[in-house]
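Quick one: structure below, then a few questions.
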Amino acid sequence: MSGGAGPGADREREQAEAPPRPLGQTGYLAAAGFEAELREELGEIAAEHGRLFLADGPPRPAAWAQNLWLDPVEITVPSIAAAARGLRALQRNWALYDFTLHRRARLIAGKLPHVSAKPLVFPAAAPTAPLGGWCLAAPDRLIAAPATTSPFPNGEIAFVEDRQAPPNRAYLKLWEALTLLGQRPGPGERCLDLGASPGGWSWVLATLGARVIAVDKAPLDPRIFAMAGVEWRQGSAFALDPAEIGPVDWLFSDVVCYPARLLTLVERWLAAGTVRNFVCTLKFQGPTDHATAKRFAAIPGSRLAHLFHNKHELTWMKLAGMKLAG
């Protein structure tokens, strides 16, 4: 016998092509370094595979998950070829979460169709093609989810960076938030940038053609201060009167403060009804304030997420007419 024929090869093929076993779970891929935060947020967990946590039932609110694996299945894979064949039978586009058995996993990935993951040139739109996630749980067993919530491999979005104009790297957080939202300020729209210094977010907004009111006790970088459409107001973000500022299209906040204090500020602007869209960073100083994070997530029509470019932070987003929650 040659060419893989014979009873042994037939048994292998039958085993590999057996129906994948639904797990009845959801997969939550933690942001690197923030596994503890996701574990605390989720509560009961059925299994862990590196940063991938499996929990029974449909998706739960999980801001600290960088990507969710929907309806994952378990596939028996007696060989590298069988593993690739099993994945291709589910769908075309896959991203490997490579946490163990690295050589074997990469050999399997090499037999799958190539998925381009080139750095994005902002403000290009996010990819729209479905993207699955998979990992090896054992040499002969993989976990795979044909559908995930992020269009980027493992929720990791990379940009073609501008290393000259922005005064710091905070601009990457805003690029990511606006990319995931699929909306951004347009020319002439009025934006309030709280905690603006040295001006990374104001730089993003001004390059989009927006009019920016940048508020901070510290001055902006001179290059940002000189940009068309940027107005700096020296003072505290917490002392602003919404009635004095008037209607704004977007409120942005990267203020360094405790999340509970930021929530008070956001609630004041929500009550005023003068802001259409919000993008705010919750910065955790010391232990993670899960209670306040849940209060942000509970605000109707909003989304709370750990972005790839966040540190010990979450980003809260709310658009006019936005239907997402949690």
Side-chain angles (χ1 to χ4, degrees), residues 61 63 122-126 170-197 199-216 220 224 227-233 235-255 257 259 261-283 292-307 309-310 313-326:
F122 184 83
Y171 74 96
L172 292 169
K173 289 188 291 186
L174 187 52
W175 273 8
E176 182 176 356
L178 296 176
T179 299
L180 296 179
L181 285 171
Q183 284 187 232
R184 55 185 178 272
E189 290 195 6
R190 197 165 186 248
C191 298
L192 189 60
D193 182 11
L194 305 181
S197 182
W201 285 24
S202 291
W203 172 80
V204 172
L205 303 173
T207 59
L208 292 171
R211 294 178 296 141
V212 186
I213 301 172
V215 180
D216 205 305
L220 300 178
I224 311 305
M227 293 182 73
V230 175
E231 171 193 348
W232 173 56
R233 296 192 185 185
S236 168
F238 300 95
L240 287 181
D241 181 354
E244 179 184 341
I245 296 295
V248 294
D249 296 293
W250 295 78
L251 183 150
F252 296 93
S253 172
D254 203 28
V255 173
C257 68
R261 193 179 187 203
L262 177 65
L263 179 61
T264 300
L265 181 149
V266 165
E267 289 175 334
R268 185 168 76 250
W269 286 91
L270 285 170
T274 56
V275 178
R276 297 182 63 248
N277 309 293
F278 293 81
V279 177
C280 302
T281 307
L282 284 66
K283 297 175 180 282
T292 299
K294 287 181 180 178
R295 292 180 65 187
F296 268 99
I299 295 173
S302 67
R303 175 181 178 182
L304 185 66
H306 185 279
L307 306 183
H309 292 97
N310 280 148
E313 308 165 324
L314 294 174
T315 297
W316 177 74
M317 298 163 277
K318 186 180 190 305
L319 297 184
M322 189 172 179
K323 295 181 180 180
L324 290 172

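Remember, predicted model here, so these are calculated numbers, not experimental data.
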### Message
Once rounded to the nearest 0.5 Å, what's the spacing between atom CZ of Arg184 and atom CH2 of Trp175?
### Response
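So the gap between those two atoms works out to 12.0 Å.
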#### Entry: Reported CZ-to-CE distance for the pair Arg303 and Met317, which is rounded to 0.5 angstrom
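So the gap between those two atoms works out to 5.0 Å.
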### Query
Checking salt bridge (Lys or Arg N to Asp or Glu O under 4.0 Å) for the pair Glu189/Arg276: CA distance, chi angles, key distance, verdict?
CA-CA 11 Å; Glu189 290 195 6; Arg276 297 182 63 248; 5.1 Å; no
### Nearest atoms (heavy-atom pairs only) where Ala126 meets Thr179
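Nearest heavy atoms, Ala126 then Thr179: CB-CG2, 4.0 Å.
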### Task
Determine the minimum heavy-atom distance between Leu205 and Pro185, stating which atoms define it.
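Looking at all heavy atoms of both residues, the shortest contact is CD2-CG, 3.7 Å.
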#### Entry: Value rounded to 0.5 Å, distance of CH2 in Trp250 from CG in Leu208
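Taking CH2 in Trp250 and CG in Leu208, the distance rounds to 9.5 Å.
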### Query
Within a strict 4.5 Å, meaning less than it, do heavy atoms of the Leu240 and Arg233 side chains meet?
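A side-chain contact under 4.5 Å is absent here.
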### Task
Of all the heavy-atom pairs spanning Ala297 and Ser302, show the shortest one and how long it is.
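So the two residues come closest at O-OG, 4.0 Å.
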### Query
How many angstroms lie between CZ in Phe238 and SG in Cys257, if you round to the nearest 0.5 Å?
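With rounding to 0.5 Å, CZ (Phe238) is 3.5 Å from SG (Cys257).
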#### Entry: Gly229 backbone acceptor or donor facing Arg211 side chain under 3.5 Å
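Checked: no pair found.
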### Query
How far apart are the C-alpha atoms of Leu181 and Asn277, what are their side-chain angles, what is the distance that settles it, and do they pass the side chain to side chain contact (heavy atoms under 4.5 Å, CB included) test?
CA-CA 11 Å; Leu181 285 171; Asn277 309 293; over 6 Å; no
### Message
One pair to check against side chain to side chain contact (heavy atoms under 4.5 Å, CB included): Leu194 and Leu265. What are the steps and the verdict?
### Response
CA-CA 11 Å; Leu194 305 181; Leu265 181 149; 3.9 Å; yes
### Query
For the residue pair Ser202 and Asp193, what are the closest heavy atoms and their distance?
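Answer, listing the atom of Ser202 first, then Asp193: OG-OD2, 2.6 Å.
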### Task
Ignoring hydrogens and angles, tell me if any N or O in the side chain of Glu176 forms a donor-acceptor pair with the backbone of His309 under 3.5 Å.
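Side chain of Glu176 to backbone of His309, a donor-acceptor pair under 3.5 Å: yes, one is there.
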#### Entry: pair Ile245-Arg190: side-chain heavy atoms closer than 4.5 Å
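The answer is yes; the side chains approach within 4.5 Å.
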### Message
Over 60° means perpendicular and under 30° means parallel, so tell me whether Phe278 and Trp316 are parallel, tilted or perpendicular.
### Response
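Answer is tilted, since the angle falls between 30° and 60°.
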### Chi angles and distances behind the side chain to side chain contact (heavy atoms under 4.5 Å, CB included) call for Leu192, Trp269
CA-CA 11 Å; Leu192 189 60; Trp269 286 91; 3.6 Å; yes
### Query
Do Val212 and Phe252 pass the side chain to side chain contact (heavy atoms under 4.5 Å, CB included) test, and can you show the C-alpha distance, the side-chain angles, and the key distance before you say yes or no?
CA-CA 10 Å; Val212 186; Phe252 296 93; over 6 Å; no
### Query
Does any N or O in the side chain of Trp201 come within less than 3.5 Å of the main-chain N or O of Ala170, such that one atom is a donor and the other an acceptor?
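Side chain of Trp201 to backbone of Ala170, a donor-acceptor pair under 3.5 Å: yes, one is there.
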### Message
If you compare all heavy atoms of Gly199 against all heavy atoms of Leu220, which two are closest, and at what distance to 0.1 Å?
### Response
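Result for this residue pair: CA-CD2, 4.1 Å.
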#### Entry: Worked verdict on Thr315 versus Asn310 for side chain to side chain donor-acceptor pair (under 3.5 Å)
CA-CA 8 Å; Thr315 297; Asn310 280 148; 3.1 Å; yes
### Query
Which atoms form the tightest heavy-atom contact between Val266 and Cys280, and what is the distance?
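In this case the closest contact between Val266 and Cys280 is CG2-SG, 4.1 Å.
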### Query
CG/Asp254 to CG/Leu174 distance, rounded to the nearest 0.5 angstrom?
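Rounded to the nearest 0.5 Å, the CG-CG separation comes out at 8.5 Å.
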### Message
Distance check, rounded to the nearest 0.5 Å: His306 atom NE2 versus Leu282 atom CG?
### Response
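Answer for the NE2-CG pair, His306 versus Leu282, is 11.5 Å.
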